[in-house]
Protein chains: 2
Amino acid sequence: MNKGNYKCPLTQALGVIGGKWKPLIIYQLEKSKKRFGEIDTNIPGISRKVLTTQLNELVEDKLVERTAYAETPPRVEYSLTEKGKELIPILRSIAKWGNYLVQ
Amino acid sequence: MNKGNYKCPLTQALGVIGGKWKPLIIYQLEKSKKRFGEIDTNIPGISRKVLTTQLNELVEDKLVERTAYAETPPRVEYSLTEKGKELIPILRSIAKWGNYLVQ
DNA sequence: CGGGATCCTTAAAGATACTG
DNA sequence: CAGTATCTTTAAGGATCCCG
């Protein structure tokens, strides 16, 4: 049942920011662009494969921009797009609301 | 790895509202309390088992209140708590932000 | 250095049947 | 009417190895 793929904007949006690691990644990029390895070491517990996947999805959803430099060794930088930056205050309001859940 | 169970308030909150059906359930209860069967028929595609699970979690997280009446046949009503109602404008802002995702 | 490819584990979701 | 109980399916996440 429910073969149709329609999702309301809310469900879509929650899918985009709802991954286990995505909020953390977005927070990483809030203040400045960062390299892949930086994000990896700043988020304890995440594997590189998962980080890659999440970053790719964020790029595809236009929240994050990826810039690769043709150097050796390679350098890749990630930064928030305008759409991504718009999300920050919303995430803050969610976090504020969710504070009661944390002891 | 990552055995620790700490979650930031944001991750917690996203877990609470992030289920596939929870936003829809919350929207169902926005205007008025509703009975189990009402919610079930108003949300096409959801199974009663999943609806039960999601409602129980929402109750446990204090977003929804459950009231059972000792009648035959039984009647159970669900309504938003204050915490649940506080969430509505936040959900709206997320949906508004996520509109660009929908074609 | 920043990935991709592959395989594995687990939690969420779904289908179905039964019950106080 | 409003659920449980069971079983099956799916998808997210994770571990590990390989590569330009």
Side-chain angles (χ1 to χ4, degrees), chain A residues 1-8 11-26 28-29 33-61 64-79, chain B residues 1-8 11-12 14-25 28-29 33-61 64-79:
Chain A
M1 223 165 280
N2 204 17
K3 297 278 182 57
N5 273 356
Y6 174 74
K7 290 186 177 182
C8 70
T11 306
Q12 287 267 354
L14 288 175
V16 160
I17 63 177
K20 181 172 177 182
W21 302 102
K22 284 182 184 173
L24 274 53
I25 296 173
I26 293 171
Q28 281 296 313
L29 300 179
K33 63 184 177 187
K34 283 197 170 56
R35 301 182 57 166
F36 183 87
E38 277 183 284
I39 307 172
D40 188 34
T41 57
N42 284 346
I43 304 182
I46 197 172
S47 70
R48 279 176 313 180
K49 180 231 169 182
V50 171
L51 179 56
T52 301
T53 306
Q54 307 290 304
L55 280 171
N56 286 343
E57 291 176 10
L58 289 171
V59 168
E60 188 159 350
D61 293 328
V64 167
E65 196 175 11
R66 178 184 187 274
T67 312
Y69 298 87
E71 306 171 355
T72 17
R75 179 165 56 107
V76 179
E77 291 178 343
Y78 292 92
S79 58
Chain B
M1 220 165 278
N2 204 17
K3 297 278 183 56
N5 274 354
Y6 173 75
K7 291 184 177 185
C8 70
T11 306
Q12 286 266 355
L14 288 174
V16 160
I17 63 177
K20 181 173 175 178
W21 302 103
K22 284 182 185 173
L24 273 53
I25 296 173
Q28 280 296 313
L29 300 179
K33 63 184 175 187
K34 284 199 170 55
R35 303 182 55 165
F36 182 88
E38 276 183 285
I39 306 171
D40 188 33
T41 57
N42 284 346
I43 302 181
I46 198 172
S47 71
R48 279 176 310 178
K49 180 224 169 186
V50 171
L51 179 56
T52 301
T53 306
Q54 306 291 304
L55 280 171
N56 286 344
E57 290 176 12
L58 288 170
V59 168
E60 188 159 349
D61 293 328
V64 167
E65 195 176 13
R66 179 185 187 273
T67 313
Y69 298 88
E71 306 172 354
T72 17
R75 179 164 57 106
V76 180
E77 290 178 342
Y78 292 91
S79 58

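To the nearest angstrom, P of D/dA2 lies 10 Å from CD of B/Glu71. Rounded to whole angstrom, the span from the OH atom of B/Tyr69 across to the P atom of C/dG20 amounts to 25 Å. In this structure, the NZ atom of B/Lys33 is 13 Å from the P atom of D/dA2, given to the nearest Å. What separates CD1 of B/Ile39 from C1' of D/dA2 is a distance of 11 Å, to the nearest Å. B/Leu58 has its CG atom 14 Å from the P atom of C/dA12, to the nearest Å. The distance between atom NZ of A/Lys34 and atom C1' of C/dC1, rounded to the nearest whole Å, is 18 Å. Rounded to whole Å, atom P of D/dA2 lies 9 Å from atom CD of B/Glu38. Between the C1' atom of D/dA12 and the CD1 atom of A/Ile17 lies a distance of 17 Å, rounded to the nearest Å.
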**Message:** Would B/Gln28 and B/Tyr78 count as a side-chain hydrogen bond (donor to acceptor under 3.5 Å, both in side chains) here? Give the steps.
**Reply:** CA-CA 10 Å; B/Gln28 280 296 313; B/Tyr78 292 91; over 6 Å; no

**Request:** Start with the C-alpha gap between A/Glu57 and A/Thr53, add the side-chain angles, then the distance that decides, and say whether side chain to side chain contact (heavy atoms under 4.5 Å, CB included) holds.
**Result:** CA-CA 6 Å; A/Glu57 291 176 10; A/Thr53 306; 3.6 Å; yes

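Interatomic distance, B/Arg48 CZ to B/Phe36 CZ, rounded to the nearest 0.5 Å: 7.0 Å. Here the CG atom belonging to A/Leu55 is positioned 7.5 Å from the CG atom belonging to A/Leu29, to the nearest 0.5 angstrom. The CD atom of B/Glu38 sits 8.0 Å away from atom CD of B/Glu77, with the distance rounded to the nearest 0.5 Å. Rounded to the nearest 0.5 angstrom, B/Glu65 CD and B/Thr67 OG1 are separated by 5.0 Å.
Between D/dG14 and A/Trp21, a contact under 4.0 Å exists linking OP1 or OP2 to a side-chain N or O. Under 4.0 angstrom from either OP1 or OP2 of D/dA11 there lies no side-chain N or O belonging to B/Lys20. Under 4.0 angstrom from either OP1 or OP2 of D/dA2 there lies at least one side-chain N or O belonging to B/Arg35.
One axis for each end of the helix from C/dC1-D/dG20 to C/dG20-D/dC1, each built from five base pairs, and the angle between them comes to 50° at 10° resolution.
The 5' end of DNA chain D is approached more closely, in terms of each residue's nearest nucleotide, by A/Gly18 than by the other of A/Gly18 and A/Pro74.
Atom CD of A/Glu71 is surrounded by more than 12 heavy atoms from other residues, nucleotides or ligands within 6.0 Å.
Applying the side-chain contact (heavy atoms from CB on, under 4.5 Å) test between B/Ile25 and each of B/Ile17, B/Leu51, B/Asn42 identifies B/Leu51 as the sole match.
Contacts between residues 46-57 of chain B and DNA chain D, counted as heavy-atom distances below 4.0 Å, involve B/Arg48, B/Lys49, B/Thr52.
When every heavy atom of A/Gly19 is checked against every heavy atom of A/Gln54, the shortest pair comes out as CA-OE1, 4.2 Å.
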